[in-house]
Amino acid sequence: MNQTEKEQLVSGLSETLQKAQSVFFADFTGVSVEEVNSLRRECHKAGVKYTVAKNTLIARAMQGMSYYDAVKPKLTGPTAIAFGFEDPISPAKILKKFKEKSNKLSVKTCVFEQQVFEGKQFDIIASMPSRLESIAGILGSIQSPMTNLVYVLDAIEKKLQTTRSEEHTSELQSRF
């Protein structure tokens, strides 16, 4: 890789790091090419960017970022990076699922909304609800009282109709 290519890679990485809401740095030692390709496909489906880069280039790309000093010492050995954009939890869920399946991937450190977390805290982050799960929970919470209100109003309406019908029947019977 020549100097121009390295500069382009660093520039692209820096841009991606700035746009990402979450960044997960992982050691992929022992992961086969087939497994990596499968992981890449899962990431792509979820809108997660997954890349592998040299640690020196990653460090250059992070220069000037608030978490540079905390992450740089973790950049040893082979490093893969998973970036979360719209849903910061998505990469964690994908990596956790892959880790459970292959037992070969280990998360070195992660940056979640500009805060750095150790790899051992990864499981906590991965167990958090995703953006869609959170929205579904909120909508369910909002919808539940409304649904109950609809059932109550419907029951009242049926009761009123029954009462009116009985009153009407009794009125007709009294006339005859």
Side-chain angles (χ1 to χ4, degrees), residues 1-140:
M1 184 179 285
N2 65 34
Q3 188 64 29
T4 306
E5 291 172 329
K6 287 180 184 179
E7 287 172 5
Q8 288 174 345
L9 181 66
V10 168
S11 175
L13 266 175
S14 181
E15 197 174 302
T16 304
L17 285 163
Q18 289 172 3
K19 289 179 184 175
Q21 289 186 18
S22 63
V23 184
F24 296 85
F25 299 88
D27 182 344
F28 61 96
T29 302
V31 179
S32 70
V33 173
E34 184 179 307
E35 290 170 322
V36 168
N37 288 338
S38 172
L39 178 59
R40 283 181 197 272
R41 279 190 294 278
E42 288 299 314
C43 288
H44 182 71
K45 285 181 198 173
V48 172
K49 182 176 179 179
Y50 177 88
T51 190
V52 175
K54 289 188 172 198
N55 294 324
T56 54
L57 299 178
I58 296 169
R60 272 194 234 162
M62 288 189 316
Q63 284 181 340
M65 295 185 183
S66 61
Y67 52 83
Y68 174 79
D69 292 331
V71 174
K72 188 177 180 214
K74 306 289 183 184
L75 298 177
T76 58
T79 303
I81 312 169
F83 302 91
F85 300 100
E86 290 185 27
D87 184 1
I89 300 295
S90 227
K93 292 197 176 288
I94 293 168
L95 292 175
K96 183 176 180 180
K97 183 178 173 183
F98 181 81
K99 181 180 171 184
E100 289 172 350
K101 193 164 85 173
S102 72
N103 204 27
K104 295 177 186 172
L105 185 97
S106 66
V107 176
K108 299 176 184 185
T109 189
C110 50
V111 180
F112 187 77
E113 296 182 348
Q114 301 298 317
Q115 293 185 358
V116 179
F117 296 92
E118 295 294 319
K120 57 188 169 195
Q121 295 169 312
F122 167 73
D123 286 332
I124 295 168
I125 293 170
S127 65
M128 293 171 62
S130 69
R131 182 174 182 263
L132 289 177
E133 291 167 342
S134 295
I135 290 170
I138 290 168
L139 289 177

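Sorted by first and then second residue, the salt bridge (charged side-chain N to carboxylate O under 4.0 Å, His left out) pairs involving residues 12-32 (not counting sequence neighbours) are Glu15-Lys19. Counting only residues at least two apart or in different chains, salt bridge (charged side-chain N to carboxylate O under 4.0 Å, His left out) contacts with residues 52-76 comprise Lys74-Glu118.
In this structure Glu35 satisfies the salt bridge (Lys or Arg N to Asp or Glu O under 4.0 Å) test together with Lys104, sequence neighbours excluded. Checked against salt bridge (Lys or Arg N to Asp or Glu O under 4.0 Å), Lys120 has no partners two or more places apart in sequence or in another chain. Val52 is linked by a side chain to side chain contact (heavy atoms under 4.5 Å, CB included) to Phe28, Arg40, Tyr50, Ala80, counting only residues two or more places apart in sequence or in another chain. Scored by the side chain to side chain donor-acceptor pair (under 3.5 Å) test, Thr79 finds Asn55, Lys108 as partners (sequence neighbours excluded). Listed by chain and number, the residues in a side chain to side chain contact (heavy atoms under 4.5 Å, CB included) with Ala61 are Val10, Leu13, Ser14, Leu17 (sequence neighbours excluded). In this view, Asn103 satisfies the side chain to side chain contact (heavy atoms under 4.5 Å, CB included) rule with no residue, not counting sequence neighbours. The side chain to side chain contact (heavy atoms under 4.5 Å, CB included) test applied to Glu113 returns Gln21, Pro88, not counting sequence neighbours. In terms of the salt bridge (Lys or Arg N to Asp or Glu O under 4.0 Å) criterion, Lys6 has no residue partners (sequence neighbours excluded).
Between Leu39 and Leu95 the shortest side-chain heavy-atom distance falls below 4.5 Å. Here the side chains of Met62 and Leu75 are in contact, with some heavy-atom distance below 4.5 Å.
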